Structure formats: C-alpha cells, structure tokens
Participant: 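Can you read through this structure? Questions will come right after.
Note that the structure is a prediction, hence the values are computed from the model and not measured. Indexing begins at 1, ligand by ligand and atom by atom, following the structure's order.
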Amino acid sequence: MQNNKDMINNVKWWESSVAYQIYPRSFQDSNNDGVGDLQGIISRLPYLKELGIGAVWLSPIYKSPMVDNGYDISDYRKIDEIFGSMDDFDELIHRANKLDIKIIMDLVLNHSSDQHYWFQDVLTNPESKYKEYYIIKNSINGDKPNNWRSLFGGSAWEKLPNSDEYYLHVFSKEQPDLNWENPELRQELYRIINWWIDKGVSGFRIDAINYIKKDQSFFNLEADGPDGLAMPKDLWCNAEGIDVFLKELKEFGFHKGKVFTVAEANNVRPGELNIFVGENGFFTSVFDFSYMDMDVKDGRWFDLTYFNNEDLKKAVFNSEKEIKISGGLGVPYIENHDQNRHQSKFLPNVKLDFYNKTVFNIMYFFLQGMPFIYQGQEIGMENYPWKSMDEFNDVSAFDQYKNAISFGLNEYDALVKVGNRARDNARTPMQWSAEEFAGFSTVQPWLNVNPNYKKINVESEQGKHSILNLFKQLIKLRKSDNHVFARGDFKPAFINETDVLAYTRSSSDKKYLIVCNLSNEEKSIVLDTKTKVKLLLSNYDYEFEKNRNKEFETVEKISLLSYEAKVLLIN
Ligand code: TEU
C-alpha cells in the first residue's frame with residue numbers, strides 16, 4: 001500500500017522509478033538445478049540497485065506445471081518449488097524493500113492451469129461447483145460448441161474426458177479460461193490479490209486481462225483458414241461489457257487504484273485507452289503493443305509485416321499521443337519475455353555494433369512514464385542462433401513452426417523465420433560472466449545459453465565504454481527530472497527528417513530534446529533559429545554526470561553520426 005515514503009514532492013514512486021523485468025527461470029540459478037530461482041534473484045538485488053532500478057516485475061513464480069512457464073498457475077497462493085519457498089519470497093520482499101526496490105507480481109487471472117484443484121475437481125466430480133469457474137459448454141451435434149481458434153493454435157475448445165462437454169481455452173489446452181461471469185470466482189480472485197498485497201507486494205502486471213470477458217452468444221464465425229476455424233477477435237478480446245469486470249477488479253482487488261497496476265492489454269481500440277487508464281481508469285497503465293507488434297500483424301512469426309523507420313516513428317508518436325490524452329502513465333519498453341531481442345526487430349539484417357545496439361535504448365527511455373528494462377537488455381543480449389527445433393522450449397514456438405510448415409515453408413526456412421521472432425530469444429539464461437553457462441548456473445540450464453556469452457556478459461560490461469554503463473547513465477538522467485520525464489509535455493520534433501526519430505519533453509521552465517538517427521548515414525538537422533543547447537548524453541558521449549555541469553553552447557544545427565542518439569537540454 002502507498003505510504004508517505006512512496007510520495008516524494010507529490011511524485012508517486014511509479015513516476016520516479018525505472019522498472020526491470022525478471023524472467024525468474026532465466027535470471028540466476030542459486031541451487032544449480034539449471035533453473036533460476038528466488039535466492040538467485042536475492043543475490044542479484046545489489047546489481048539491480050547499482051543499476052538504479054526502483055521496481056522489479058517478476059514473471060510468475062506461483063505453483064505451476066510450467067506448460068507456459070508459470071503463466072499456467074495451479075495454486076495462486078504457493079510459490080513453485082523450482083523457484084524456492086514462501087520464506088524465500090518473504091525474504092525477497094524484505095531485502096528488496098530495504099534497498100527501495102518495489103516488487104511487482106504477475107497476475108494471471110484470465111485462466112488457470114488444468115492442474116489447479118478447481119479444474120481437477122471438475123474432471124473427477126460430476127457435481128463439482130467448480131464447473132461454474134470455467135467456461136464449459138455442451139457439444140453441438142457431437143462436435144465442438146463453435147469454431148473459435150485458440151491463440152496458441154488449433155481449436156479453442158477441448159473435450160472434458162468421459163463427457164459430452166467442452167471447455168474453452170484462449171491459450172493452450174492446459175490453460176482453461178476462468179468464467180468471470182461467476183461472481184463467486186471473481187470474489188475468490190480478489191481475495192487472492194489482497195492476500196499478495198498484504199504480503200508487501202507493491203503492484204501488479206496483469207496478464208492478458210483484456211480476454212476475461214467473452215461474448216456470451218458463442219456463435220460460429222466465418223472460417224479464416226483452411227481448417228475451418230476463426231479468431232473470435234473482439235468477441236473475446238476487449239469484448240463488450242468488459243468494463244463491468246474491470247471496474248469491480250479495481251474496486252475490490254486494487255484498493256480503488258492505490259496499488260500500481262500495469263495491464264497487458266493488446267488491441268485496446270483507438271480512443272478507448274482513457275477508459276482503461278488515468279485517474280478514473282481501471283489501471284495505472286497499459287503496455288502498448290502497437291509498435292512492438294508491428295511486424296506480427298497477422299500473428300504469424302513466419303510471415304512478418306515489413307515496416308521502416310518512418311512507420312515506427314508514426315506508431316511511437318501515435319502511442320504517445322494516446323497516452324497523453326488518456327492521462328494514464330506510460331510504460332515504455334522495447335523488450336519483454338514475449339518478444340525477440342529488439343535489435344532483431346528494429347534492425348533486421350544489420351551488422352550489430354555498439355551504436356546501433358544503443359540507439360533504440362535511448363530512443364524509448366525518455367518517452368512518457370516509467371520505462372521498463374527487460375533482463376539482459378542492459379548488456380545488449382541478442383537473439384539466439386537456433387540450429388534445430390529441439391533447442392526450443394516455448395509452446396508457441398512449436399505451434400508457429402507447425403503452422404509455417406502447413407503454409408508451405410520448408411523446414412530450414414520455417415526454423416529461421418520462427419527462430420527470428422521466437423519468444424525463447426528473450427528467455428535464454430542471463431549472461432553474468434564468461435564462465436561456463438555464463439555464471440547463470442553450474443549445470444546445463446533448462447534453455448541453452450547464447451553461445452555469445454563469452455563476449456556479452458555483465459562482467460565484461462563493467463568498463464566505462466559499455467552498454468551497461470550507458471544504461472546506468474540513462475537511468476541517472478531519467479531520474480534527474482522525474483517531473484518532466486514522467487508526466488511532462490511530449491511533442492514530436494523534426495518529423496520530416498527521414499530516419500530521425502526526435503521529440504521534446506518539457507515543463508513550463510525546462511525543455512529536453514531527444515533526437516535519434518536510426519540510420520547509418522550521418523545527419524545534419526538545420527534549426528530554425530540559433531539555439532542554446534547542452535548535450536547531456538549521447539551514445540558517443542555518455543558521461544552524463546560530467547556533461548550536466550558543462551556550459552550551454554549556441555548552435556545552428558544538430559549533427560548526428562551513424563546511429564547516434566542525443567539527449568539535449570535546451571535553454
Ligand atoms: O501474453 C498474452 C498475449 O497476448 C500473448 O499472446 C502475446 O501476444 C504473445 O505472447 C506474443 O507472442 C501473456 C504472457 O505475457 C505470455 O507469456 C503468456 O504465454 C500468455 O499471456 C498466456 O498466459
């Protein structure tokens with residue numbers, strides 16, 4: 001819960017922090033079983049503190065059979081033993097809070113695991129009251145209730161054994177959807193949330209929350225593929241009536257908005273973001289997918305949509321415009337556990353170097369709100385060089401591969417294409433050192449370490465000239481003016497300069513210009529008038545603390561080297 005310590009000069013902690021996402025399986029293994037765990041995270045808290053992190057989002061650590069690596073929960077009040085115990089969790093909260101690091105938990109409320117006792121009871125007890133906890137329908141003419149398609153492939157319906165009934169699953173069949181129409185289930189979920197708040201959790205990232213409402217007609221749709229199935233789109237994503245559930249969730253789950261909440265909600269209709277966030281919205285913030293999923297418009301990793309820097313610019317500016325109108329908090333990010341590493345998305349086919357690996361990091365860091373860094377991003381971790389499908393772990397990678405083959409790709413092309421966009425790229429173990437298994441573990445981890453670990457790791461990034469040091473400077477700069485960077489005005493700049501993404505952030509007495517050259521050609525931007533500027537940071541000169549004390553200089557143009565990004569203070 002919010003206390004005075006959390007509000008400094010009227011700035012809430014989520015307006016003055018930089019957040020960091022941990023994928024616990026891959027962060028640090030403390031007991032050498034090849035899987036990351038809570039004690040591993042605890043041992044790395046000083047690292048996060050030194051980096052300047054104020055909040056950590058933990059991907060799920062609850063009890064789970066791990067079909068979807070924890071996004072399939074079998075007990076909402078238990079820690080999975082592969083991660084440790086509840087004592088370890090309490091210790092984590094305690095130690096993190098001592099370092100002024102907030103813990104944000106991942107809440108998966110759209111579905112449970114099929115191993116949850118609610119669902120197990122359904123399977124074994126014909127009279128089970130938990131049948132009402134799930135979406136269970138009779139077969140129609142001996143077949144599935146309708147032709148809806150699961151997001152993870154195939155039909156969204158699975159037959160209950162020894163019965164004529166089917167249950168709905170938006171994701172894998174091991175993730176049965178919860179029936180939010182049932183008030184008893186909703187109350188149970190609010191109790192669970194409050195239980196975690198009482199434990200000292202400071203906020204939640206809420207998984208796939210826009211799927212909780214399903215259109216109750218459950219009618220058949222026109223097929224959108226040769227298999228006769230169809231994606232129900234807005235019949236189950238941001239469906240009509242979802243606001244009633246979200247309002248209640250805020251009221252009873254989130255203490256009327258007093259804890260920090262960030263919803264994972266894709267496809268929020270343009271103009272509707274203000275219903276979701278802001279003072280009267282359901283959440284503090286929403287992760288925007290618009291520029292992160294520009295390449296997967298059809299959801300197919302093997303058939304990506306081409307976009308260039310100008311398309312990206314438009315999408316980023318549009319997203320910032322929506323955030324501004326909505327009054328919610330922005331939560332800029334360019335990597336997470338569902339994405340490939342950002343260079344592979346924004347710079348396909350480019351030979352990577354220090355400058356092109358850092359330009360996008362500077363670009364997104366000063367967008368409105370609280371930036372999120374994904375583990376490994378701060379040392380420039382890259383996509384994994386997949387050689388065979390046997391190396392993957394993620395359920396959806398196998399589905400995408402199968403789909404690619406069914407669309408006529410040969411095995412090699414399917415592997416290359418799926419491998420490029422696979423979620424497992426972000427899930428390879430954190431690279432701490434050049435030791436075997438990258439200092440993540442002493443045994444072969446659950447997912448291979450990227451073979452580039454000898455070069456790319458935290459230890460080798462300790463020097464001044466490193467991505468890690470650039471991140472430290474970026475965080476210092478971001479936190480040096482929370483007022484402007486969290487909520488200050490946002491304006492696109494130099495919009496007609498091709499391959500330049502630039503914007504200003506300002507308050508009544510301060511103005512920053514962030515200007516990024518997203519190409520390898522040098523740029524020179526002529527200014528309308530002579531302007532006094534001070535370079536605070538660029539990826540060619542990132543000694544922020546030294547730079548901030550320098551004098552302003554008068555300039556008529558701004559020059560940018562290949563992939564250079566500059567943060568300037570304007571007088
Ligand atoms: O993701 C929800 C979601 O919409 C995903 O389908 C996302 O678009 C996809 O992963 C992009 O490739 C959440 C979690 O972040 C994800 O890890 C889980 O697999 C999913 O929910 C099910 O819980």
Participant: Return the closest protein heavy atom for atom 1 (O) of ligand 1 as residue, atom name and distance.
Facilitator: Glu264 OE2, 3.0 Å
Participant: Which pairs would a plain distance check flag for residues 384-391, meaning a side-chain donor or acceptor within less than 3.5 Å of a matching protein atom at least two apart in sequence or in another chain?
Facilitator:
{"unit_1": "Tyr384", "atom_1": "OH", "unit_2": "Glu391", "atom_2": "OE2", "d": "2.8"}
{"unit_1": "Tyr384", "atom_1": "OH", "unit_2": "Asn448", "atom_2": "ND2", "d": "3.0"}
{"unit_1": "Trp386", "atom_1": "NE1", "unit_2": "Tyr384", "atom_2": "O", "d": "3.4"}
{"unit_1": "Trp386", "atom_1": "NE1", "unit_2": "Gly419", "atom_2": "O", "d": "3.2"}
{"unit_1": "Trp386", "atom_1": "NE1", "unit_2": "Asn425", "atom_2": "OD1", "d": "2.9"}
{"unit_1": "Ser388", "atom_1": "OG", "unit_2": "Asp390", "atom_2": "N", "d": "2.9"}
{"unit_1": "Glu391", "atom_1": "OE1", "unit_2": "Lys387", "atom_2": "N", "d": "2.6"}
{"unit_1": "Glu391", "atom_1": "OE1", "unit_2": "Ser388", "atom_2": "N", "d": "3.3"}
{"unit_1": "Glu391", "atom_1": "OE2", "unit_2": "Asn448", "atom_2": "ND2", "d": "3.4"}

Participant: Does a side-chain N-to-carboxylate-O contact under 4.0 Å join Asp295 and Arg421?
Facilitator: yes
Participant: Is Lys131 salt-bridged to Glu165, going by a charged N under 4.0 Å from an acidic O?
Facilitator: yes
Participant: Is there a donor in the side chain of Thr261 and an acceptor in the side chain of Thr284, or the other way round, less than 3.5 Å apart?
Facilitator: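 A donor-acceptor contact under 3.5 Å links the two side chains.
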Participant: Give the numbers and elements of all ligand 1 atoms closer than 4.0 Å to a heavy atom of Asn266.
Facilitator: 4 (O)
Participant: List every atom of ligand 1 that sits less than 4.0 Å from any heavy atom of Arg205, numbering the atoms from 1 in the order shown and giving each element.
Facilitator: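 The atoms of ligand 1 under 4.0 Å from a heavy atom of Arg205 are 14 (C), 15 (O).
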Participant: Provide the number and element of each atom of ligand 1 under 4.0 Å from a heavy atom of Arg427.
Facilitator: 17 (O)
Participant: So is Met292 close enough to ligand 1, meaning a heavy atom under 4.0 angstrom away?
Facilitator: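 Judged by the 4.0 Å heavy-atom criterion, Met292 does not count as contacting ligand 1.
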Participant: Which residue owns the protein heavy atom closest to atom 5 (C) of ligand 1, what's the atom, and how far is it?
Facilitator: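 Protein heavy atom at minimum distance: Phe171 CE2, 4.2 Å.
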Participant: Considering Asp338, Asp394, Asn340, Ile206, which one's heavy-atom position lies nearest to atom 17 (O) of ligand 1?
Facilitator: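 Comparing heavy atoms across Asp338, Asp394, Asn340, Ile206, the nearest one to atom 17 (O) of ligand 1 lies in Asp338.
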Participant: Show the atoms of ligand 1 that are less than 4.0 angstrom away from any heavy atom in His337.
Facilitator: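 So the answer, numbered in order with elements, is 14 (C), 15 (O), 16 (C), 17 (O).
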Participant: I'd like to know if Asp338 and Arg427 make a salt bridge, using a cut-off of under 4.0 Å between side-chain N and carboxylate O.
Facilitator: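 Yes, charged N to carboxylate O under 4.0 Å.
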Participant: Between the side chains of Asp37 and Ser30, does any donor sit under 3.5 Å from an acceptor?
Facilitator: yes
Participant: Pull out every atom of ligand 1 sitting under 4.0 Å from any heavy atom of Asp68, numbered as shown with elements.
Facilitator: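 Result: 18 (C), 19 (O), 20 (C), 22 (C), 23 (O).
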Participant: Give the atoms of ligand 1, by number and element, whose distance to some non-hydrogen atom of His111 is under 4.0 Å.
Facilitator: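 In order of numbering, the contacting atoms are 22 (C), 23 (O).
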Participant: Kindly state each residue pair satisfying salt bridge (Lys or Arg N to Asp or Glu O under 4.0 Å) with at least one member in residues 372-381, sequence neighbours excluded.
Facilitator: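 The answer is none; no pair qualifies.
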Participant: When you look for heavy atoms under 4.0 Å from ligand 1, do you find them on the side chain of Asp293, its backbone, both, or neither?
Facilitator: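 For Asp293, no heavy atom sits under 4.0 Å from ligand 1.
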Participant: Of Trp301, Phe302, Tyr401, which is the lone residue that meets ring-ring contact (aromatic ring centres under 6.0 Å, His included) with Phe407?
Facilitator: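 Running ring-ring contact (aromatic ring centres under 6.0 Å, His included) over Trp301, Phe302, Tyr401 with Phe407 returns exactly one hit, Phe302.
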Participant: Quick one: does NZ or CZ of Lys199 land under 6.0 Å from the six-membered ring centre of Trp195, within 45 degrees of the ring axis?
Facilitator: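 Positive - Lys199 is close enough to the ring of Trp195 and near enough to its axis.
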Participant: Other residues, nucleotides and ligands only: do more than 12 of their heavy atoms fall within 6.0 Å of NZ on Lys233?
Facilitator: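 Check fails, neighbour count at 12 or below.
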Participant: Around atom 8 (O) of ligand 1, find the nearest protein heavy atom and jot down its residue, atom name and distance.
Facilitator: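 Sorting protein heavy atoms by distance from atom 8 (O) of ligand 1 puts Phe289 CE2, 4.0 Å first.
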Participant: So which heavy atom in the protein is nearest atom 14 (C) of ligand 1, and how far is it from that ligand atom?
Facilitator: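 Of every protein heavy atom, Asp207 OD1, 3.0 Å lies nearest to atom 14 (C) of ligand 1.
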Participant: With heavy atoms under 4.0 Å as the rule, classify the contact between Phe152 and ligand 1 as side chain, backbone, both or neither.
Facilitator: side chain
Participant: Nearest to atom 9 (C) of ligand 1, what protein heavy atom do you find, and at what distance?
Facilitator: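 Ranking protein heavy atoms by distance from atom 9 (C) of ligand 1, first comes Arg423 NH1, 3.9 Å.
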